[in-house]
J.: 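For reference, the structure I am asking about is given below.
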Amino acid sequence: MHARGHKIRPPVLVVCDDQLKFEITTIQYLIISMAMSGFEGFEKRLELQFFGDDPVMVDNNLGLRLLGFESLEQVLNAVQCTVVSAVANQYFDAYVLSESSLFVYPTKIIIKTCGTTQLLKSIRPLIHYACNLGLTLCSCRYTRGSFIFPKAQPFPHTSFKEEVIYLEETLPTNLCYRKASVMPSKMTTHSWHVFTASDQSHVIPKDIYTLEVCMTELDRVLARKFFQPPGGTKSGDIAGKEMTKITGIGDINPRAMICDFAFDPCGYSMNGVHNDRYSTIHVTPEDGFSYASFECVGSIYDDDIEHLVGSLRKAVQVFRPGTVSVATTCSSHEVWTRVAHALEPLGLKCRSCAADEFPAAGSIVFQTFTARRK
């Protein structure tokens, strides 16, 4: 995994100490800051939903999927990341990015990026391109955990307050129902940041859930499986497929079509596609700031609710983390109550649980777990 740089020369900073005075660009400053700390695994996640008056665009599973690749590249350039692999089915398109993932549905876009990406800068171009397709933004949801290296983050991600100000100024006025909240836990290093906004017409699906899992302090032996051998010549696609197999990631949801990629010298990303549902995993395996995430979406009205417990358990077993946080977004209580049942048999104890209601998302429950060995 790696960060991308600007193509234009940004403002200059002057750095001084007793022996040295030199000039560096702000982007170089961020890269230096990141190198002094480590790669930021915790992702920022943005979900935008749209509506349109043309039923043909939606009924034929087109809509936002009509966006040309050049348009998507312009959006990702603003974010500072690129596409490295992609797969699609009749329902949506899934892209593995240099920093995490992008999912494009007919009326919904989900972007999830790690490192020092500037995710919120994707909002304006996405609204513009959607408008050209006759689509109007009706809801926005932005979520993230607590950064491991917050001082390395660029504008507008220097703080949650700064992010909220940027969102408030960027989103159109028709999204009038807004709420921002930091959901706490008993661990000061783990909290869940949420901003939602919606218009009067947005209806929250009662059955759909989203599970966002963040894992830190990965088992060192298991984390080594996400390193490529020194001097290796395999492509990211081939190495990614091998990692999917040897780590057991391919067994988490055997029904899914997997698009995977391994980074050099280390790091891994995958998107799983099954009907209209996605799952995604991202790994930053370096010791000292190791991190992995697992996200999936499903419905409480089919067998996915039972499948969820097994998938969550398998995903966590791949990494055997010391700390796990789980954010469950769903209007029903059917899902979050089963999270502990999935994790406790793995030796993880629930340390805290916080819940809140949001106008564009419904109920969000944030739970943290630590290994009993801690």
Side-chain angles (χ1 to χ4, degrees), residues 1-5 39-41 43-47 61 64-105 108-117 119 122 126 212 225-229 232-285 291-297 311 315 318-319:
M1 289 181 162
H2 57 282
R4 296 281 175 177
F39 188 86
E40 181 59 67
E43 299 97 348
K44 318 164 184 87
R45 182 186 185 276
L46 178 69
E47 180 173 328
N61 282 324
L64 294 167
R65 300 180 73 187
L66 290 174
L67 286 176
F69 187 69
E70 288 185 358
S71 297
L72 290 178
E73 279 188 314
Q74 290 296 318
V75 173
L76 296 176
N77 283 342
V79 177
Q80 299 294 309
C81 62
T82 58
V83 173
V84 298
S85 191
V87 70
N89 65 9
Q90 69 184 91
Y91 299 101
F92 69 102
D93 308 320
Y95 300 86
V96 175
L97 305 178
S98 55
E99 281 86 0
S100 302
S101 292
L102 163 67
F103 303 99
V104 182
Y105 288 80
K108 178 173 65 178
I109 281 188
I110 299 165
I111 311 183
K112 187 170 186 174
T113 63
C114 55
T116 54
T117 49
L119 177 59
S122 67
L126 282 173
E212 297 173 71
K225 296 180 180 181
F226 297 96
F227 282 78
Q228 295 202 52
T233 59
K234 293 177 181 176
S235 68
D237 295 296
I238 293 174
K241 286 177 173 54
E242 291 183 356
M243 288 182 185
T244 298
K245 183 176 181 180
I246 66 173
T247 59
I249 287 175
D251 300 324
I252 294 174
N253 182 6
R255 302 176 296 178
M257 174 173 56
I258 291 178
C259 180
D260 39 24
F261 195 88
F263 297 89
D264 185 21
C266 64
Y268 168 90
S269 289
M270 68 77 77
N271 292 331
V273 174
H274 177 65
N275 295 332
D276 61 344
R277 313 284 166 77
Y278 72 85
S279 59
T280 185
I281 290 176
H282 304 284
V283 187
T284 300
Y291 170 85
S293 66
F294 169 66
E295 180 179 331
C296 64
V297 64
S311 296
V318 167
F319 305 102

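The shown structure was predicted, so the numbers you read here are calculated from the model rather than taken from an experiment.
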J.: With a 4.5 Å heavy-atom cut-off, do Met243 and Lys225 have their side chains touching?
T.: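 Not touching, per the 4.5 Å side-chain cut-off.
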J.: Let me confirm one number: the SG-CG distance from Cys114 to Leu119, rounded to the nearest 0.5 Å.
T.: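 Rounded to the nearest 0.5 Å, the SG-CG separation comes out at 11.0 Å.
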J.: How long is the span from the CG atom in Leu102 to the SG atom in Cys81, to the nearest 0.5 Å?
T.: 8.0 Å
J.: Would you say Tyr278 and Tyr91 make side-chain contact, with heavy atoms under 4.5 Å?
T.: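 The answer is no; the side chains never approach within 4.5 Å.
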J.: Write down the atom of Tyr105, the atom of Asp276, and the distance for their closest heavy-atom approach.
T.: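 Smallest interatomic distance, heavy atoms only, reads OH-O, 3.0 Å.
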J.: Please check: side-chain N/O of Arg65 versus main-chain N/O of Gln90, any donor-acceptor pairing under 3.5 Å?
T.: yes
J.: For Val75 and Ser122, which heavy atoms make the closest approach, and how far apart are they?
T.: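 Of all heavy-atom pairs spanning Val75 and Ser122, the closest is CG1-CB, 3.6 Å.
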J.: Taking the side chain as every heavy atom from C-beta outward, state whether Ile111 and Leu126 have any pair of such atoms under 4.5 Å apart.
T.: yes
J.: Can you name the nearest heavy-atom pair linking Gly250 to Ile258, along with the distance?
T.: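 The pair with the smallest heavy-atom distance is CA-CD1, 3.9 Å.
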J.: Examine Phe319 together with Phe226 and report whether their ring centres are nearer than 6.0 Å.
T.: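 Yes; Phe226 has its ring centre under 6.0 Å from that of Phe319.
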J.: Contact between Ser269 and His282 at the side-chain level, heavy atoms closer than 4.5 Å - yes or no?
T.: yes
J.: Could you list the residues that satisfy salt bridge (charged side-chain N to carboxylate O under 4.0 Å, His left out) with Lys245, not counting sequence neighbours?
T.: none
J.: Is it true that Lys112 and Glu212 have a side-chain N and a carboxylate O under 4.0 angstrom from each other?
T.: no
J.: Could you pull out the closest heavy-atom pair between Glu43 and Tyr291, with the gap in Å?
T.: OE1-OH, 2.6 Å
J.: Just by distance, with hydrogens left out, do Asn253 and Ser279 show a side-chain donor and acceptor under 3.5 Å apart?
T.: no
J.: Does the side-chain contact (heavy atoms from CB on, under 4.5 Å) test come out yes or no for Thr82 and Leu76, once each step is laid out?
T.: CA-CA 6 Å; Thr82 58; Leu76 296 176; 5.9 Å; no
J.: Under 3.5 Å, is there a donor-acceptor pair between the side chain of Asn89 and the main chain of Phe92?
T.: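 Side chain of Asn89 to backbone of Phe92, a donor-acceptor pair under 3.5 Å: yes, one is there.
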J.: To the closest 0.5 Å, what do you measure between CE (Met257) and CG (Asn275)?
T.: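 Between Met257 CE and Asn275 CG, I get 10.0 Å after rounding to 0.5 Å.
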J.: Output the distance between atom CD1 (Ile109) and atom CD (Glu47), rounded to the nearest 0.5 Å.
T.: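 Atom-to-atom, Ile109:CD1 and Glu47:CD are 11.0 Å apart.
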J.: Please round to the nearest 0.5 Å and tell me the distance separating atom CD of Gln228 and atom OH of Tyr268.
T.: 12.5 Å
J.: If you measure from CG on Asn271 to CZ on Phe103, what distance do you get to the nearest 0.5 Å?
T.: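 That separation rounds to 3.5 Å.
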J.: Would a 4.5 Å heavy-atom cut-off, applied to side chains only, mark Leu72 and Val83 as touching?
T.: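 No - every pair of side-chain heavy atoms lies 4.5 Å or more apart.
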J.: Should Ile281 and Ile252 count as side-chain neighbours, where that means a heavy-atom distance under 4.5 Å?
T.: yes
J.: Between Thr116 and Lys44, which heavy-atom pair has the shortest distance, and what is it?
T.: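 Between these two residues, the closest heavy atoms are C-NZ, 4.3 Å.
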J.: Does any non-hydrogen side-chain atom of Cys259 lie less than 4.5 Å from one of Tyr95?
T.: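 A side-chain contact under 4.5 Å is absent here.
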